[in-house]
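One structure is given here, and the rest of the page talks about it.
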Amino acid sequence: MSEMAFFIDHSRCIGCQSCVQACAECDTHRGVSMIHLETIQRSDSVQTAPQVCMHCEDPICARVCPADAIKKTPDGVVQSSLKPRCIGCSNCVLSCPFGVPKYRAEIDQMMKCDMCYDRSSVGKKPMCATVCPSGALTFTTMEEIQRTRSGIPINTWRFGNEIVKTKVHVMVPREIERVDVNLVQITSTPAALANDPFDVALMLEEVR
Amino acid sequence: VAKLPTDIPELVKQFGPTLHTVPPGGWANTGKDEKLVKTHCCFCGQQCGIQLRVSDNKVVGFEPWEDFPFNRGKLCPKGVKRYMQDEHPDRLRSPLQRVDGKGFVPISWDAAMERVVSEIRRIQQSYGNDSFAVLTGASLTNEKAYLMGKFARVALRTANIDYNGRLCMVSAGAASKKVFGMDRSANPWSDIPKAKVILVAGANIAECAPITTDYLWQARENGGKLIILDPRMTPIARNADLFIPVRSGGDIGVFNGMLHIMIERGWIDREFIAQHTTGFDAVMETVKKYTPEYSAKIAGVPAEMIVKAAELWGPAPTSFLLHARGIEHHTKGVDNCIAAINLVVASGRIGREGCGYAMITGQGNGQGAREQGQKCDQLPGSRDVENPEHRKYIASVWGVAEESIPRRGLSAVPLVEAIHDGKIKGLISICFNPAVSLPDGNYVREALEKLEFYVNIDFFLSETARYADIVLAGSLMEEDDGTTTNVEGRVIRHRQAVTPPEGAREDWAIINEIAGRLGYAEKFSAAPREIFEELRIASKGGVSDYSGMTWDRIDENYGLFWPCPEPGHPGTPRLYEGGKFGHPDGKAHFIPIEWRPSAEMPDDEYPIILTTGRVVSHFLSGTQTRRIGSLMEQYPQPRCEMHPRLAEKFGIADGDFVKVESRRGEIVVRAQVVKTIRPDTVFVPYHWPLDRSANNCTIRAIDPVSNIPEFKICAVRVSKTVAPDDAIAQLEMEAGGIR
C-alpha cells in the first residue's frame, strides 16, 4: 500500500469547526487546538478555509529559527518547537508563508500542527482529517484521491520569488499546476464590486 | 398553580446551565485501563458511529469509529464534544421536589415515586384519564419510545400522548405516507453520490446534518449537479450549481413551476406514471397555470431560476431529492413535501440505484421514535390507533382488552393548548423541552404554570423542568442500552458505556417503577433487550416491521434496515424497487398541490419575515449543548442575521443590539449583517431560552394534517435598541444572558 498523504480541498469546507474541536482531542496537545479555521469575510460570504501546517520540504520556520528548535522527522513532518531549545523569539511565526506557527506566551513556546504525529506515525489518521464531515480535510493515498476527486492535488507554491514545496497537498481545478501568491494592493473590497456573486439581493434582481 | 418556585437567576445558580470545559481527570489524563465502546452519537438523526473512551466508569474522551459505514469516522463538532455531558456538574443525581421560595430540594426515590403515583391517581380520578398527559421525545431509543407508548395506553390509559417529533418529522412522514404508503427515507445514503442531479429543499445540511455534506460533494465529484432551495446562502448553497434563494413558504412555486416545464418539454416518464402511479392527470391540471412567471411570483425568485432548475432536474438520468425542516415547518408543510415528491414520481426516478428521495431526520431517533407508538395517532409498527385490526393486534401483544386502548389523543401543540385551557391537569414529560422548543413561548410557559401536577424526567434541569413539581433524575444515552433508527431507516445499537451516577436511574427503570406502583408490574418489568423482543413482535406485520431483527444481528451487520419481516431477512436498504409502493394497490399516489399563503404574512405593521433554524454547534433546545464549553465558545449567543439593505433601512450595524418583535413576543439579540440572506427575511437560531428564545416570536399555527408548527415563517418588525441590563440579560449566555 502506498503512502498516506494529507489533502485540503477548500471548496468542500463548510466551516463547521469539527477540525478545531477534534484537534484539541489529540493526545499530544489535548485541550489546545492547533488548526486554524479562517472565516474569510462572513458579512460577504460563508466561505471558510482550514489551515493545517503544510509541512514544507525545506521549512522556512526551521531555517530562520536561531535556536535550531524546529525539527523535521525522517518522514517529513515538521514538529512543534523543542521546549528546551525554543527561546520564544517568534521568527517562525513571522516567516511562515501560511501563517501556521503560533507563539504561546503561557508556555513561552511555539506550537503548531504536527499532523497528529502520535497518530499518523502509528498508522492512524490525524484527528482533523478523520472527523472532517465535508472531506475538506482528507488523509488518504494519492491513488485514492485521484480516483475519487475531480480536481487535482498540487503541492507547489510560489510566494514572490520563493518556490515552496509542501508535504500537504491542496486540491485545485485540473488546469492549475502551482499556486502563485503575489502581493496585491486591495483597492476595493468585495462589497464594492458590482457583481458580487454571493449577494443574495443581487441574485433576486436578475429578474429583469 | 405552579409559578416558578424561585427566581430564574437562583434556579440557574442551583442547576445551571453551566459550562463543562475539561474532561474528567483533566486534559492531561489520557486514560488508565481505558476501554473503547463502539456506539453512536446522541444528537441528530445521522446517528454517526463513534467510540467513547471509558475509564473508571467515566467517559473521558472519544475516538473516531472508521469502520462504521455511514460516517466512516466523520463527526461534527457536537459529536466530537458530546462526551463532555458525562460527569457534568449540572447532572441531576437525585429526584427533586419543588419547594416554594427555595427552588428544588433532593428527596428519596421512594418519596418521589409515591408523590407521582398519588398525583396521577388523584388527577385521573378527579378529571378523567385523559386529563393526565404524556409528552415524550425523539431522542429516546426505540425501546424507550415503545415503553412510553405502552405506559400511556396501558398504565395511564390516557389518549393524550405525543412527542417532540411533532416539531420535526411529521410533515415529511405524512407526505411520504400519502404518496408512497410508507414513512421512511426511500434510499440508503450510498445512493446519493450516484445521482446526476440532487435537489436539496429547505435543508441546511452543512449545519444540521454535516456528515451528509460529504455525500453531496461526492456526487459533484462524480459529475452530479446540485440545486439548493433556501432563503439563506448556506455553506452547501455556496458551491451549488444552482442556488434558489426562495422566499420562506414559496417552495411550491418552485416545485410546481419545475413540473410545469417538465411536462411541457417531455421530461416526465409517461410509462412509469402509467404503470406505477395514480392521479397524475389531476396534478397536470393543477400545474398548468404554474408558468415560470406565475411560479416566480410565489417563490419570490427570478423565473429563470425555476427554468434552470427544471432543465437540470428534468432530463437527468438519475436523481435524488432531499428535504428537511425548511419546507416542512409550515402550515402547508405536508403539501410542500408532496409537491417536491411529485417531481420524483413524475420523473420515474425512484427505487433504483442512484435514484430516489430522502427526508433528513432531525432528531437522534426521529425515524424510530415515530414508529413505536408514542405519537397520539399511532401504535407500534407505525400502526393506526383508530384502525380496529391494528388495535386488536397490539391489544393481544400487550395482553389487554382492545377497548381499553384509548383512541387518538391530542398532538403536542393542541395538547399544550388543552393544558392552557385547563382541560389537561397533569403531565409527565421526558426528553422534551417545550419551554424553549414550542412556538409562542410566552403562551407555552403560561400553560406550564397552570398544571396541577407536573413530573419531569431528565438528566439536566431543563428550562421546562423548572415548572415541575417532581423531577426524576434519568439517564444519558451513553448510560443505557438500546437501539435507534437513523436517517436511512437503519436500526443501530447504542451501547451502555457507563452506568448512571448514583442517585440517577435508567429512564426505562423509572417508567417501569411508576407503572408497577400503579398496579401494572407484570406488564412493565422488562429491561431494554427484552423490550426490544416485545417491540419486534409488536411491529410484526406493520409497515415498520422489525420482527426479523435481533440486537445481535444489528451488531453483526452495522445495523439493519426495516422492513425486516422474518429471521434471517437481510433488511431493506432501498424501498420501492421495481416501482412497487407501499399502498395496497402497490402504486404511488400523485396528489395535486395548490400554493396557499402562510398563517401570518408580512404586512405594514410587521413587515419582515422571521425564519428560525439551527447552528452547527448546538442541538435543538440547547439543554445539552449549552452546557458544553467549547460548543458555546463556537456560537455563544443567538444573532439576528439580516441583509445590509435591511440593516441600512433601520440604521442597524453589525453587532448592534436589535429587538425582534412579533404579535406574540419579542427577543433582544445582536445583529449579524450578512449579504447571504434575502433582504426581506431575518434569521434567528432557536437554541436559547427566555429573552433570547426565537420562539417568543414564532406563531402557534399548525399544519392541518401533520400538526407541525409554522416555525419557518412569521411576521416581525426589527429595530435597533440598547443593551438590556435586566437580571436575565446579566445571566451567562448559556442561561439566556446577552453580551
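Just so we're on the same page: letters track the sequence lines, and every chain starts at 1. This is a predicted model, so every value here is computed, not measured.
- For Thr234(B), the part lying near chain A is the backbone, with the side chain staying farther off; criterion is any non-hydrogen pair under 4.5 Å.
- Inter-residue side-chain proximity for Ser617(B) and Gln21(A) is flagged as unmet; no heavy-atom pair is nearer than 4.5 Å.
- Within 6.0 Å of the NZ atom in Lys83(A), the count of heavy atoms belonging to other residues, nucleotides or ligands exceeds 12.
- Side chain of Gln218(B) to main chain of Thr148(A): a donor-acceptor pair is present (N/O by atom type, distance under 3.5 Å, no hydrogens or angles).
- Taking 4.5 Å as the limit, every side-chain heavy atom of Asn239(B) sits out of range of all side-chain heavy atoms of Arg12(A).
- Judged by distance alone, with hydrogens and angles left aside, the side-chain atoms of Ser18(A) form a donor-acceptor pair with the main-chain N or O of Leu75(B) at under 3.5 Å.
- Contact count against chain B (heavy-atom pairs under 4.5 Å) is highest for Ser134(A) among Ser134(A), Cys19(A), Ser150(A).
- Counting heavy atoms from C-beta outward, Phe198(A) and Lys675(B) have side chains that stay 4.5 Å or more apart.
- Contact count versus chain A (heavy atoms, under 4.5 Å) is highest, among Thr213(B), Val22(B), Val674(B), for Val674(B).
- Minimum interatomic distance between Arg30(A) and Pro23(B) (heavy atoms only, all atoms of both residues): NH2-CG, 3.9 Å.
- For the pair Arg42(A)/Asp654(B), no side-chain contact is recorded, criterion being any heavy-atom separation below 4.5 Å from C-beta on.
- Separating the CG atom in Asp199(A) from the NE2 atom in His643(B) is a distance of 3.5 Å, to the nearest 0.5 Å.
- If you measure heavy-atom distances from Ser33(A) to chain B, you find no contacts under 4.5 Å at all.
- Taking CG of Asp680(B) as the start and CG of Leu204(A) as the end, the distance is 7.5 Å to the nearest 0.5 Å.
- For chain A, the nearby parts of Ile211(B) are the backbone and the side chain; heavy atoms of each come within less than 4.5 Å.
- More than 12 heavy atoms of other shown residues, nucleotides or ligands fall within 6.0 angstrom of atom CD in Glu57(A).
- For Arg119(A) and Glu66(B), the salt-bridge test fails: no basic side-chain N is under 4.0 Å from an acidic carboxylate O.
- Between chain B and the residues Asp9(A), Val46(A), Val131(A), the most heavy-atom pairs under 4.5 angstrom are made by Val131(A).
- Val32(A) has its side chain out of reach of Trp27(B): every pair of non-hydrogen atoms, C-beta onward, lies at least 4.5 Å apart.
- Both the backbone and the side chain of Arg678(B) come within contact range of chain A, with heavy atoms under 4.5 Å apart.
- Contacts between Pro644(B) and chain A at a heavy-atom distance below 4.5 Å are absent for every atom of the residue.
- Distance check: Ile145(A) CD1 to Glu221(B) CD gives 8.0 Å after rounding to the nearest 0.5 Å.
- Within the 4.5 Å cutoff, the side chain of Met127(A) has heavy atoms near those of the Phe62(B) side chain.
- With contacts defined as side-chain heavy-atom distances shorter than 4.5 Å, the pair Lys81(B)/Glu25(A) qualifies.
- By number of non-hydrogen pairs under 4.5 angstrom with chain B, the leading residue of Cys132(A), Ser11(A), Gly15(A) is Ser11(A).
- Considering every non-hydrogen atom in both Cys16(A) and Pro77(B), the closest pair reads O-CG, 3.1 Å.
- For residues 627-636 of chain B, heavy-atom neighbours of chain A at less than 4.5 Å comprise Ser630(B), Leu631(B), Gln634(B), sorted by residue number.
- If you tally non-hydrogen atom pairs under 4.5 Å between each of Gly223(B), Pro210(B), Pro679(B) and chain A, the highest count goes to Pro210(B).
- Residue Glu63(B) holds its CD atom at 8.0 Å from OG1 of Thr130(A), rounded to the nearest 0.5 Å.
- Neither the backbone nor the side chain of Ala136(A) comes within contact range of chain B; no heavy atoms are under 4.5 Å apart.
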